[in-house]
Chemist: 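Before we start, here is the structure in question, set down as structure tokens.
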Amino acid sequence: MTIRVRYAPSPTGHLHIGNARTALFNYLFAKHKNGTFIVRIEDTDTERNVESGIESQLEQLAWLGITPDETIGVNETHGPYRQLERLDIYTRYAKELLEKGLAYKCYCTKEELEAEREAMRQAGEDKLHYSRKCLGAPEQDKPFAIRFKVPENTAFPFTDIVKGGVRFSSDDIGDWVIVKQNGIPTYNFACAIDDHLMEISHVLRGEDHITNTPKQLMVFDAFGWAKPTYGHMTLIVNDQGKKLSKRDQSIIQYIEQYRDLGYLPDAMFNFISLLGFSPDADGEIFTREQLIDLFEERRLSTSPATFDANKLAFINNRYIKALSLDDTVALCKPYLAEEGIGQEKDNDWLESLIAVFKDRLSYGKEIVKLYNDFFNRPFKIDEDAKDMLQEDGVENLIATFKRLVENDASPDADAYKALIKAAGKEANMKGKMLFMPIRIAVSGAMHGPDLPKMMHLLGRDLVTKRLEHTLAFIGAADK
RNA sequence: GGCCCGUUGGAGAAGCGGCUUAACUCACCAGCCUUUCACGCUGGCAUUCACGGGUUCGAAUCCCGUACGGGUCACCA
């Protein structure tokens, strides 16, 4: 069997993380099975279409490394791939249903329908289905929509790839609109027809679509077409367990934003692939090839996928660590330039700055934050670091080190290393008792990057100033 | 409210009737390495799988119910 899957976005804006997941899983599924991955544009909501929405979708997908085998301008064997260019097709099929008596024209206005629904609500009805008032009504010279005549008491069972057996009853579905008054088909109608004509074998989409499935199934039945296999992936939820809403500010939701922040495409690909899927392998870091190889639709999860920001940070950090220094510099440089950081410094300084922070970076732009925390914070000593400064000999060690630094005109990292060593010898301190007090004295913290490199970056003036500050602190604490 | 779905450690997440004294990852803690930090390595961290009942020789895994959470009910997709 030839596997053909599709990702069918509406060009209503940027690529959302949830849609990216849908695209990615379809892509993995296709590649794993040697099938075809198609991108179809569902632009039947002309109100919401945004300019360059299509380009934006395709571009963001390309950035992620998800390339369609078939779409606008690529291998157009089953085109066109924009629904607005397929209007005559839908019209033809709608007409066929009308002729067969499987659909009917509805002349109700939006206001009438709303009033009807409101009345049902008042009456406490569970099902707010269309009253069928236009079913069998005579032809009128008024604008009309076309409704599907939903068969009564009919079950629509299907085997869902991820959920297993699912069944909906037609009694829970009202006669729904297949062609709007403006002549454009609704999503469920166009989708079913295209899936058939494009010979889609598997439909992998978000769980929020599961109640659409019976509607699409009845279209297939009405035409006597063979149905694709459906699979509904669990939703992506936030840490409150709620579906990611585009309004939710707590999570960055658009691929473009991640790109702008300096996340790496490979890392994003990796991270997104773990949203509702777990490969049969240990660990969390996988290359594209591994993911294609490991992808199995059986391993799609049935419980909601939590968007774990910590995991994203961890994964991206792992990919940044694996980058060469040059690539990391290239990644970070624009963000520093944007903030006007290091403008007057040379390239060596830039390289050593990035080298020092490379391993702690979760995303490119974070370099700015790390830089600011490191250089700009008013110098203060962490609470948990203060005790160490009270140890015997520490004051003498720091004073000694300060004198040595002041005697050196412009020490580099290696020189600092030698100065630390010399200070240790002179003040008779070694190991942790040598490095830690100096670390605290110049950074205020017990943790941080490599000490000599860090001091070189800080520069001699700041180093001496901080040593002075620490000495004053120790002196004050003695009294 | 109707219809669908979910509930495993501090966090993510496997397992879906006996191989589980619940994988893996993050976080955390300890040790080793490093004259410091970080990296790396090693070890520790759920007597227990929302709750109640049932089926079974045996249940996190199957069934029923309860609670909680979520999705969906448009001339949006």
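FYI, side chains are in, hydrogens and waters are out, and symmetry mates aren't considered; it's all heavy atoms of this structure. Order of the sequence lines sets the chain letters (A, B, ...), proteins ahead of strands, with each chain counted from 1.
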Chemist: Which pairs, protein N/O on one side and nucleotides 23-28 of chain B N/O on the other, fall under 3.5 Å?
Modeler:
from  : atom 1 : to     : atom 2 : distance (Å)
B/C24 : O2'    : A/G283 : N      : 2.6
B/U25 : O4'    : A/E284 : OE2    : 3.3

Chemist: Could I get the full list of side-chain contact (heavy atoms from CB on, under 4.5 Å) partners for A/K421, not counting sequence neighbours?
Modeler: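 Counting only residues at least two positions away or on another chain, A/K421 forms no side-chain contact (heavy atoms from CB on, under 4.5 Å).
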Chemist: Restricting to salt bridge (charged side-chain N to carboxylate O under 4.0 Å, His left out), what partner residues turn up for A/K243, sequence neighbours left out?
Modeler: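 Partners of A/K243 under the salt bridge (charged side-chain N to carboxylate O under 4.0 Å, His left out) test: A/D208.
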Chemist: Taking only residues two or more places apart in sequence, or in another chain, which ones meet A/F158 in a ring pair (Phe, Tyr, Trp, His ring centres under 6.0 Å)?
Modeler: none
Chemist: Could you go through nucleotides 31-33 of chain B and list every protein N or O atom that sits under 3.5 Å from one of its N or O atoms, giving the distance for each pair?
Modeler:
none

Chemist: Which residues pass the salt bridge (charged side-chain N to carboxylate O under 4.0 Å, His left out) test with A/D450, not counting sequence neighbours?
Modeler: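 Counting only residues at least two positions away or on another chain, A/D450 forms no salt bridge (charged side-chain N to carboxylate O under 4.0 Å, His left out).
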Chemist: Tell me the stems RNA chain B sits in, counting at least three consecutive Watson-Crick or G-U wobble pairs, each under 3.5 Å on both distances.
Modeler: B:1-7 with B:67-73, B:10-12 with B:24-26, B:28-32 with B:40-44, B:50-54 with B:62-66
Chemist: Looking for any heavy atom pair under 4.0 Å, which part of the strands does A/S301 touch: base, sugar-phosphate only, or nothing?
Modeler: sugar-phosphate
Chemist: Taking for each residue the nucleotide of RNA chain B with the nearest heavy atom, is it A/F307 or A/K421 whose nucleotide lies nearer the 5' end?
Modeler: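 The residue mapped nearer the 5' terminus is A/F307.
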Chemist: In chain order, what residues pass the ring pair (Phe, Tyr, Trp, His ring centres under 6.0 Å) check against A/Y319, with sequence neighbours excluded?
Modeler: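 With neighbours one apart ignored, the set is empty.
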Chemist: Assign a letter to each nucleotide of nucleotides 64-77 of chain B from its 5' end: B, base within under 4.0 Å of a protein heavy atom; S, sugar-phosphate only; -, no contact.
Modeler: ------SSS--BBB
Chemist: Kindly write out the residues that satisfy ring pair (Phe, Tyr, Trp, His ring centres under 6.0 Å) with A/Y230, not counting sequence neighbours, or none if the list is empty.
Modeler: none
Chemist: Go through the structure and list residues passing side-chain contact (heavy atoms from CB on, under 4.5 Å) with A/L331, not counting sequence neighbours.
Modeler: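 Per chain and number, A/L331 pairs via side-chain contact (heavy atoms from CB on, under 4.5 Å) with A/L264, A/I320, A/L323.
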Chemist: Once ring pair (Phe, Tyr, Trp, His ring centres under 6.0 Å) is applied, do any residues pair with A/H129, and if so which ones, sequence neighbours excluded?
Modeler: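 Residues passing ring pair (Phe, Tyr, Trp, His ring centres under 6.0 Å) with A/H129: none at all.
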